[in-house]
Protein chains: 2
Amino acid sequence: MGTRRRGEELERAILLAAAEELRESGYAGMTMDRVAARAGTNKNAIYRRWPHRAALGIAAYRHLSDAAMPAPDTGSLRTDALEMLRQANETWSSPHGAILRGLLAAAADDPQLIALMRERSGVDTMDRAWLTMLERAVTRGEAPAAAVHPRVAATPMMLLRAEYAMRGIPSVPDEVLVEIVDEVFLPLVRGHS
Amino acid sequence: MGTRRRGEELERAILLAAAEELRESGYAGMTMDRVAARAGTNKNAIYRRWPHRAALGIAAYRHLSDAAMPAPDTGSLRTDALEMLRQANETWSSPHGAILRGLLAAAADDPQLIALMRERSGVDTMDRAWLTMLERAVTRGEAPAAAVHPRVAATPMMLLRAEYAMRGIPSVPDEVLVEIVDEVFLPLVRGHS
DNA sequence: CCGTATAGGGTACTCGGCGTACCTTAATGG
DNA sequence: CCATTAAGGTACGCCGAGTACCCTATACGG
């Protein structure tokens, strides 16, 4: 009788269900049975599409956030950088961030999954934003041209991530962000002369 | 009949067995049953001492490495820093490192466990080593005094850790270490004037 | 020296969750 | 209109974490 969903439609339904489970219970609490039930289907349909739970988790994660994150342009490198870090901190502190961290932890020993995560979680987008931020600072005469370097651009976010890993709590106090900017990022930019 | 071990003795036997399991199979592969069997006891004795698998894993980990890591003193800040990073990279690439990473991943959502890990894995010891390294560079006139700052000292190791997290492979190529030193650490130190 | 509290040993169990097997039933498209 | 494909239903197998219960050796106080 009625409508039996197939292909695209069913796939979207599964991803939606998985995303909702992620939101409610985090990755650790997302079970295949619950996703199947919620999508009104069964595990077969899922396993035909994704080889295992982690893959589904990653695929579903993108439904939660597509995180554009344009580079802020406040006219000063310091406030730009702070703004970026604050936004990132907020994102990572949010439920989304908790899920993301759960996924990262789960994927930790599987390079394939890590690669997938990188694409999905917009690490590279982020780095590009930092680079354009630096370029603008250079044209304003606020920074030496030599400071426009991928590793310089990536440093603040890496420090923030490491901070999460070390604390295990999903929110870094604002002082830490300020310190990262004032004691590391700005001196680092200055030092490139 | 015979000797039934108790208290201290049994505890050491369990920790040893757990450590061996860690070495052979990593944290993910360390099962309570196997540890119990290997220690010649049963899960009861284990659960009477540690509330869950993660706690045992962490307790056992210290049996594998006590990691002193004295600050190298080569006479140049650059080579000192590189040496530190290379040693760390080697440690983390080793089987021990794999286990450590497994534990970290498993503990990711439990602040209590993370705190335990911090103690055991000598993060603070490491930071102190970097600080003394910086101090020596200051007395040599190689660095401004303002660069002796905990966050500056912690930066290279944090970047290395983040590098692991992003790659998911247990060995960072040497070029990356060099880049961390030349493009980040040294400019950062220079920038503190 | 004995008897009782304590802690280890043995074993079997529950429970949850991943992944699979197998068959039935609806849709699709040639 | 029929063959092929994919979804639905359901029941497993398997493994590993923790738990329950009961038996037995050891320590320790009297």
Side-chain angles (χ1 to χ4, degrees), chain A residues 1-18 20-22 24-61 99 102-103 105-110 112-113, chain B residues 1-18 20-22 24-61 99 102-103 105-110 112-113:
Chain A
M1 61 187 63
T3 15
R4 176 181 281 190
R5 294 160 305 176
R6 285 175 92 85
E8 273 292 303
E9 189 190 353
L10 181 58
E11 183 153 339
R12 264 177 301 136
I14 293 171
L15 283 172
L16 182 63
E20 279 166 357
E21 285 292 323
L22 275 182
E24 288 176 17
S25 324
Y27 177 69
M30 179 193 95
T31 72
M32 299 305 256
D33 295 271
R34 300 245 307 276
V35 170
R38 182 162 211 151
T41 180
N42 63 353
K43 288 192 290 181
N44 280 333
I46 302 179
Y47 279 105
R48 239 176 249 127
R49 292 176 168 77
W50 297 275
H52 40 241
R53 184 165 152 273
L56 174 61
I58 291 168
Y61 178 75
I99 294 162
L103 281 171
D109 8 323
D110 190 333
Q112 240 189 318
L113 294 185
Chain B
M1 59 189 61
T3 14
R4 176 180 281 189
R5 294 160 306 175
R6 287 175 90 83
E8 273 293 301
E9 190 190 351
L10 182 57
E11 183 153 339
R12 265 176 300 138
I14 293 171
L15 283 173
L16 181 63
E20 279 166 358
E21 285 292 324
L22 275 182
E24 287 174 18
S25 324
Y27 177 69
M30 179 193 94
T31 71
M32 298 306 255
D33 294 270
R34 301 246 306 275
V35 171
R38 181 162 213 153
T41 181
N42 61 356
K43 289 192 288 181
N44 280 332
I46 302 180
Y47 279 105
R48 238 176 249 127
R49 293 175 167 77
W50 297 276
H52 41 241
R53 184 166 151 271
L56 174 61
I58 291 168
Y61 178 76
I99 294 163
L103 281 170
D109 8 324
D110 190 332
Q112 241 189 316
L113 294 186

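Throughout, protein chains are lettered first and strands after them, A, B, ... in sequence-line order, and every chain is numbered starting at 1.
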Do B:Asn42 and B:Asp33 make a side-chain contact, defined as non-hydrogen atoms from C-beta onward lying under 4.5 Å apart?
no

Rounded to whole angstrom units, what separation is found between the [atom1] atom of [X] and the [atom2] atom of [N]?
| X | N | atom1 | atom2 | answer |
| --- | --- | --- | --- | --- |
| A:Tyr47 | C:dA21 | OH | P | 13 Å |
| A:Tyr27 | C:dG17 | OH | C1' | 12 Å |
| B:Glu9 | C:dA7 | CD | C1' | 14 Å |
| B:His52 | D:dT19 | NE2 | P | 11 Å |

Locate the shortest heavy-atom distance separating [X] from [Y]; write the atom from each residue and the value.
| X | Y | value |
| --- | --- | --- |
| B:Ala59 | B:Trp50 | CB-NE1, 3.6 Å |
| B:Ala13 | B:Arg5 | CB-NH1, 3.5 Å |
| A:Ile14 | A:Val35 | O-CG1, 4.1 Å |

Measure the [atom1]-[atom2] distance between [X] and [Y] for me, rounded to the nearest 0.5 Å.
| X | Y | atom1 | atom2 | result |
| --- | --- | --- | --- | --- |
| A:Leu10 | A:Glu8 | CG | CD | 10.5 Å |
| A:Met32 | A:His52 | CE | NE2 | 9.0 Å |
| A:Arg53 | A:Ile58 | CZ | CD1 | 11.0 Å |

Pairing string of DNA chain D (Watson-Crick or G-U wobble, both atom distances under 3.5 Å; | = paired to other strand) is ||||||||||||||||||||||||||||||

I'd like to know whether A:Arg34 forms a salt bridge (Lys or Arg N to Asp or Glu O under 4.0 Å) with A:Glu24, so could you lay out the CA-CA distance, the side-chain angles of the two residues, the decisive distance to 0.1 Å, and finally the verdict.
CA-CA 12 Å; A:Arg34 300 245 307 276; A:Glu24 288 176 17; 5.3 Å; no

In B/S/- notation (B base, S sugar-phosphate only, - none; protein heavy atoms under 4.0 Å), nucleotides 7-16 of chain D written 5' to 3' is BBBB-----S

